[in-house]
Asks: 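Let me give you the structure first, and then I'll get to my questions.
Proteins get letters first, then strands, A, B, ... in listed order; numbering begins at 1 in each. For the numbers below, each heavy atom of this structure counts, side chains included, while hydrogens, waters and symmetry mates do not.
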Amino acid sequence: MESNNFSFLNELNEAQRKAVEHTEGPSMILAGAGSGKTRVLTYRIALLMKKGVDPFNILALTFTNKAAREMKSRIARIVGESEAKALWMGTFHSVFSRILRFESELIGYPKNFTIYDSDDSKSLLREIIKSMNLDDKVYKPSFILSRISSAKNNLISPRQYMSNTLAIEEDKLARIPLFGQIFITYQKRLFKASAMDFDDLLFNTNLLLRDHPKVLFKYQEKFRYILVDEYQDTNFSQYVIIRQLAAAFLNICVVGDDAQSIYAFRGANIQNILNFEKDYPELVTFKLEQNYRSTKNIVEAANQVINNNKDQFKKSVWTQNDSGEKITVIRASTDNEEGQKVAAAIFQYKNHERLLNSAFAVLYRTNAQSRSIEEALRKMNIPYRIYGGLSFYQRKEIKDLMAYFRLVINSNDDESLRRIINYPARGIGQSTLDKLSVAAGDNEISIFTAIENVKDFNLGINAGTRARLTDFVTMIRSFQQQLIQKDAYEVAHSIASASGLLKDLHSDKTPEGVSRYENIMELLNGIKDFSENSRSPQDEELKSQEVTPPSAEPEDLFDLEVKDFRKLRTLDEFMMDVALLTDADEKEDSQGDKVVLMTIHAAKGLEFPFVFIVGMEENLFPSQLSLQSRTELEEERRLFYVAITRAEKKATLSYALVRYRFGKITHCEPSRFLDELSNDFVEFIDTAPQRRFTDDAFDSTRDNWSRPSSSGINFKGRKNGGDSQSVFSQLNIQRSNKLVPVNSSQSISRALNLDETEMRKIVTGVTVQHEKFGNGKVVNVEGNFPDTKATVLFENGGQKMLLLKFARLKVID
DNA sequence: AGCCCCGGTGAAGTC
DNA sequence: CACCGGGGCT
């Protein structure tokens, strides 16, 4: 309901109200768990709009798309639907990918660039590692990717990386001396494929804003008010983006809680909060410390836990709520028994207090832990829903169909091409693909382009296969024609059937096959919905600046069609939305009343009356991988803090003495975090263990919580201050003073082909230079312009046949 | 070219 | 235990 007064402000306490009303200039809101942070952000934005600020001039960055949606609908209740819709609100990745769609040509990327997810990135890395004849057990794709990701999130380009002696040294010590080379090749290949990985979306936004002052100015003018939620979880790259955008008006408000920083592993940097104070001397800081969510027992227990961390801002979260029940700790002999006890407890609570299933959440450290909980809940007929794990968009059949979409939208997308060129089977096998890959690599073109020019390469591909390749190209081309004429659903449906994918899945009558077919149908239905809905105001705004429609070749369209096209919701628009969706974003309806199971990370920002935190064991929570350094252990502790503070009425912890891990029985010790809770807030339910395993599975001579809290003491004595200083964290300090010079290897314009005159200079006998293979002598030239090709004998011994329109050969005398 | 089986290896968390 | 990739067989 729209109201014209400011009465909504009366719903705030004094601290909240002050934070809301201070709308001008830089501000930071340190908000303890459950202190009404979302309410403050919501009302602050509503107040801005009530004061007459145009929603198009407000940028609000949230941690998940879901958080953005929820906040938007809350704002809509105060200021009205259409006003709220016009707000720029979303995750960093979604907001800036949207902007890059419209500006990417300035940094050398076409507008239809593809976003690679981490599976795509890993398989690209696997290829690169293989082609360099390296061992993928030493150069593990996932590890390489995380290191590349760290570099990019700290705005270190491949070239900068290579000139960083510290980084190179680190790689040698880690026995991956060729990492830098892989990084360079990876980035080059992404660029060639017109693809960006997740980190590139931020990295390239930084490039764009750094190298194009006009663009920076435009968005500075546009985003006069900037708000950032979960600021403690932003990384350096994100920090620089918002600092740049806010530089003109300085209306920047960040909201966060250092105690809830749980994403350092992906580059989030608490340092950003400290930097913030330095960057804006006139900064006003607000603290929200009253917790409205939880009982006293929960709040105080959480405070007690977090006080074991050295690195933290002093903050005292308190509550006026009742003391409530103590936190219960359940001990189980096995992971299965843990599941049974948790399920039984839920069952009891439900019946005694007539509660909905949705009042309960079970939180765990790792997704693998869900299995035993699921089994137990199923046995007791308690409905549940799992967040996370394999999301809809990660399923094979969905990825297959979407690979078609991606290839049609961007034919340079080699990862997608590899995925579907022979699915459904069409007689184009591995050896053909290998040959094409080599030709594409040598000529620095995409595989699709190599196929289109296959007659120009002597690849030893027989006529039959060549015909099949031509058919494939023709098919993709015909889909591309539809892309600019039809709406998303029509194109998607046409691709699904004409490619043979639908038929292939339909013929599979196994239950799995049927389910795959249904998933495809669900995707198509989703696209149908999308086609029928109108475009977002944000995209309308950006599109209105455009002169020509994207990806449409003007000569293909009459004026009338161009007009229609502007209204159509196209498949490339759909794909742009989808690339950044996560499981947490799945639609909320049709869920019914269910117990919720999820990782603690996924639970951030949520609250439930009853929370079960399972797997409270050493090496699991805290994870064994975190035991190397104090900072990592402290992050685990913050994670525990987040977990406890999700509970409104009651928190229950549990641990098992024996657990299956990697298919083997593992003995576990109760988590050190349990020692950190005093008996004032916690009660231990010590059920006698059921002796199904050998006696040493549970040390009955020792009372688990009176265990000398050696872990903490030992730990501090052992490792205090000895955190591994990675090259990135060191560099970060240097860099925070001024804008990082980001290398522009990416902004070199796309392949500059030789013109005819230059090509004619390349004749048998001349010496030429190739940027990758070095110098060589031309031993043969054949074919007619523009398909002239030269055979070159390189000094390194290799002989290559190169298409001159692709290979940038330089004649040297 | 495709299928199947074997063995090795791995699971922390996410946009 | 579950998945993936490689190799071998058809």
Side-chain angles (χ1 to χ4, degrees), chain A residues 61-68 90-97 115-119 121-123 126-127 130 136-137 140-143 145-146 149 152-153 196-203 205 230 233-235 237-238 261-268 335 363-372 387-391 393-394 396 421-433 462 464-465 468 578-585 598-605 615 619-628 632 635-636 638-640 642-643 659-666:
Chain A
L61 296 162
T62 57
F63 195 74
T64 61
N65 292 307
K66 191 179 163 201
T91 62
F92 274 88
H93 289 88
S94 68
V95 165
F96 295 111
S97 74
I115 298 172
Y116 274 10
D117 67 16
S118 29
D119 288 341
S121 295
K122 271 181 224 157
S123 71
R126 202 167 290 122
E127 276 165 51
K130 207 170 151 192
D136 67 1
K137 290 188 184 75
K140 283 185 187 151
S142 56
F143 177 72
L145 182 61
S146 76
S149 174
K152 288 185 186 174
N153 286 332
M196 299 190 196
D197 67 16
F198 286 138
D199 304 310
D200 284 338
L201 295 174
L202 306 176
F203 188 97
T205 299
E230 309 282 9
D233 286 324
T234 55
N235 61 38
S237 180
Q238 293 167 322
S261 162
I262 54 174
Y263 282 93
F265 72 90
R266 69 166 203 218
D335 47 358
L363 309 182
Y364 34 77
R365 182 65 182 82
T366 67
N367 278 311
Q369 287 166 256
S370 70
R371 203 214 74 239
S372 59
Y387 282 80
L390 200 60
S391 91
Y393 293 104
Q394 288 175 308
K396 184 190 171 300
I421 190 164
N422 201 32
Y423 176 74
R426 49 175 72 89
I428 304 171
Q430 194 57 50
S431 59
T432 304
L433 190 55
N462 66 41
T465 308
R468 291 191 283 270
V578 150
L580 298 169
L581 282 188
T582 60
D583 210 48
D585 296 322
M598 62 174 98
T599 64
I600 301 166
H601 281 89
K604 194 176 78 159
N619 298 326
L620 181 59
F621 194 19
S623 141
Q624 74 263 33
L625 296 166
S626 73
L627 302 180
Q628 305 308 311
E632 283 177 88
E635 177 149 315
E636 292 287 306
R638 290 193 296 271
L639 194 56
F640 185 42
V642 168
R659 182 176 295 279
Y660 276 93
R661 296 184 87 179
F662 300 110
K664 278 202 291 277
I665 288 174
T666 324

Asks: Touch check for A:Arg426, heavy atoms < 4.0 angstrom, all strands: base, sugar-phosphate only, or nothing?
Replies: nothing

Asks: In terms of side-chain heavy atoms of A:Tyr263, which of B:dG10, B:dT14, B:dC15 is nearest?
Replies: B:dT14

Asks: Which of parallel (below 30°), tilted (30 to 60°) and perpendicular (above 60°) describes A:Phe63 and A:Tyr263?
Replies: tilted

Asks: Could you state the atom-to-atom distance from NZ of A:Lys66 to P of B:dC15 in whole Å?
Replies: 11 Å

Asks: Rounded to whole Å, how long is the line connecting atom CZ of A:Phe143 with atom P of B:dA11?
Replies: 15 Å

Asks: Sticking with atom P, work out how far C:dC4 lies from B:dG13, rounded to a whole angstrom.
Replies: 15 Å

Asks: Expressed as a whole number of angstroms, how long is the span from A:Lys604:NZ to B:dA12:C1'?
Replies: 15 Å

Asks: DNA chain B: A:Arg468 or A:His601, which has the more 5' nearest nucleotide?
Replies: A:Arg468

Asks: Return the value, rounded to whole Å, for the distance between atom CD of A:Gln624 and atom C1' of B:dG10.
Replies: 12 Å

Asks: Just to be sure I understand the rule, does A:Phe92 reach a base, reach only the sugar-phosphate, or reach nothing, if contact means heavy atoms closer than 4.0 Å?
Replies: nothing

Asks: Using a cut-off of less than 4.0 Å, is there contact between a side-chain N or O of A:Asn367 and OP1 or OP2 of B:dA12?
Replies: no

Asks: If I compare all heavy atoms of A:Leu625 with all of A:Glu632, which pair ends up nearest, and what's the gap?
Replies: O-OE1, 3.3 Å

Asks: Which atoms form the tightest heavy-atom contact between A:Arg426 and A:Arg468, and what is the distance?
Replies: O-CD, 3.0 Å

Asks: With a cut-off of less than 4.0 Å, is there a side-chain N or O of A:Thr599 near OP1 or OP2 of B:dT14?
Replies: yes

Asks: Look up atom CD in A:Glu127 and atom CG in A:Asp136, then write down how far apart they are to the nearest 0.5 Å.
Replies: 12.5 Å

Asks: Taking only the P atom of each, what is the distance from C:dG6 to B:dA11 in whole angstrom?
Replies: 16 Å

Asks: What is the nucleic acid contact for A:Lys137, judged by heavy atoms within less than 4.0 Å: base, sugar-phosphate only, or nothing?
Replies: sugar-phosphate

Asks: Kindly confirm whether the side-chain ring of A:Phe265 is stacked on the base of B:dG13, judged by centres under 5.5 Å and planes under 30°.
Replies: yes

Asks: Students often get this wrong, so: under 4.0 angstrom with heavy atoms, is A:Ala425 touching a base, only sugar-phosphate, or nothing?
Replies: sugar-phosphate

Asks: In whole angstrom, what separates A:Asp136's CG from B:dG10's P?
Replies: 10 Å

Asks: Checking all strands, does A:Glu635 fall into the base, sugar-phosphate, or nothing category for heavy-atom contacts under 4.0 angstrom?
Replies: base

Asks: Could you check which of B:dG2, B:dG13, B:dC15 has an atom nearest any side-chain atom of A:His93?
Replies: B:dC15

Asks: Do the non-hydrogen side-chain atoms of A:Leu433 and A:Ile428 ever get within less than 4.5 Å of each other?
Replies: no

Asks: Within this structure, what is the NZ-to-P distance between A:Lys664 and C:dA2, rounded to whole angstrom?
Replies: 15 Å

Asks: Please determine whether side-chain contact (heavy atoms from CB on, under 4.5 Å) holds for the pair A:Asn619 and A:Arg659, giving the CA-CA distance in whole Å, both sets of side-chain angles, and the decisive distance to 0.1 Å.
Replies: CA-CA 12 Å; A:Asn619 298 326; A:Arg659 182 176 295 279; over 6 Å; no

Asks: Regarding A:Glu636, tell me which of base, sugar-phosphate or nothing describes its non-hydrogen contacts under 4.0 Å with the strands shown.
Replies: base

Asks: Using atom CD of A:Gln369 as one end and atom C1' of B:dA11 as the other, report the distance to the nearest whole Å.
Replies: 10 Å

Asks: Can you tell me if A:Arg126 touches the phosphate of C:dG5, counting only side-chain N or O atoms and a distance under 4.0 Å to OP1 or OP2?
Replies: yes

Asks: Which part of the nucleic acid does A:Ile428 contact within heavy-atom distance under 4.0 Å: base, sugar-phosphate only, or nothing?
Replies: sugar-phosphate

Asks: Is the distance from OP1 or OP2 of B:dC15 to the nearest side-chain N or O of A:Asn235 less than 4.0 Å?
Replies: no

Asks: Determine the contact category for A:Ser94: base if any of its heavy atoms lies under 4.0 Å from a base atom, sugar-phosphate if only primed atoms, P, OP1 or OP2 are that close, otherwise nothing.
Replies: nothing

Asks: Expressed in angstrom and rounded to an integer, what is the separation of A:Tyr364 atom OH from B:dA11 atom P?
Replies: 17 Å

Asks: Does A:Asp199 reach a base, just sugar-phosphate, or nothing at all? Heavy atoms under 4.0 Å.
Replies: nothing

Asks: Which part of the nucleic acid, if any, lies within contact of A:Lys140, taking any heavy atom under 4.0 Å across all strands shown: a base, the sugar-phosphate backbone alone, or nothing?
Replies: sugar-phosphate

Asks: Applying side chain to side chain donor-acceptor pair (under 3.5 Å) to A:Ser623 and A:Ser626, what does each step give before you reach the verdict?
Replies: CA-CA 5 Å; A:Ser623 141; A:Ser626 73; 4.8 Å; no

Asks: Hey, which of these two, A:Phe63 or A:Thr432, hits DNA chain B nearer its 5' end, going by closest nucleotide?
Replies: A:Thr432

Asks: Between B:dA12 and C:dG5, how far apart are the C1' atoms? Round to whole Å, please.
Replies: 24 Å

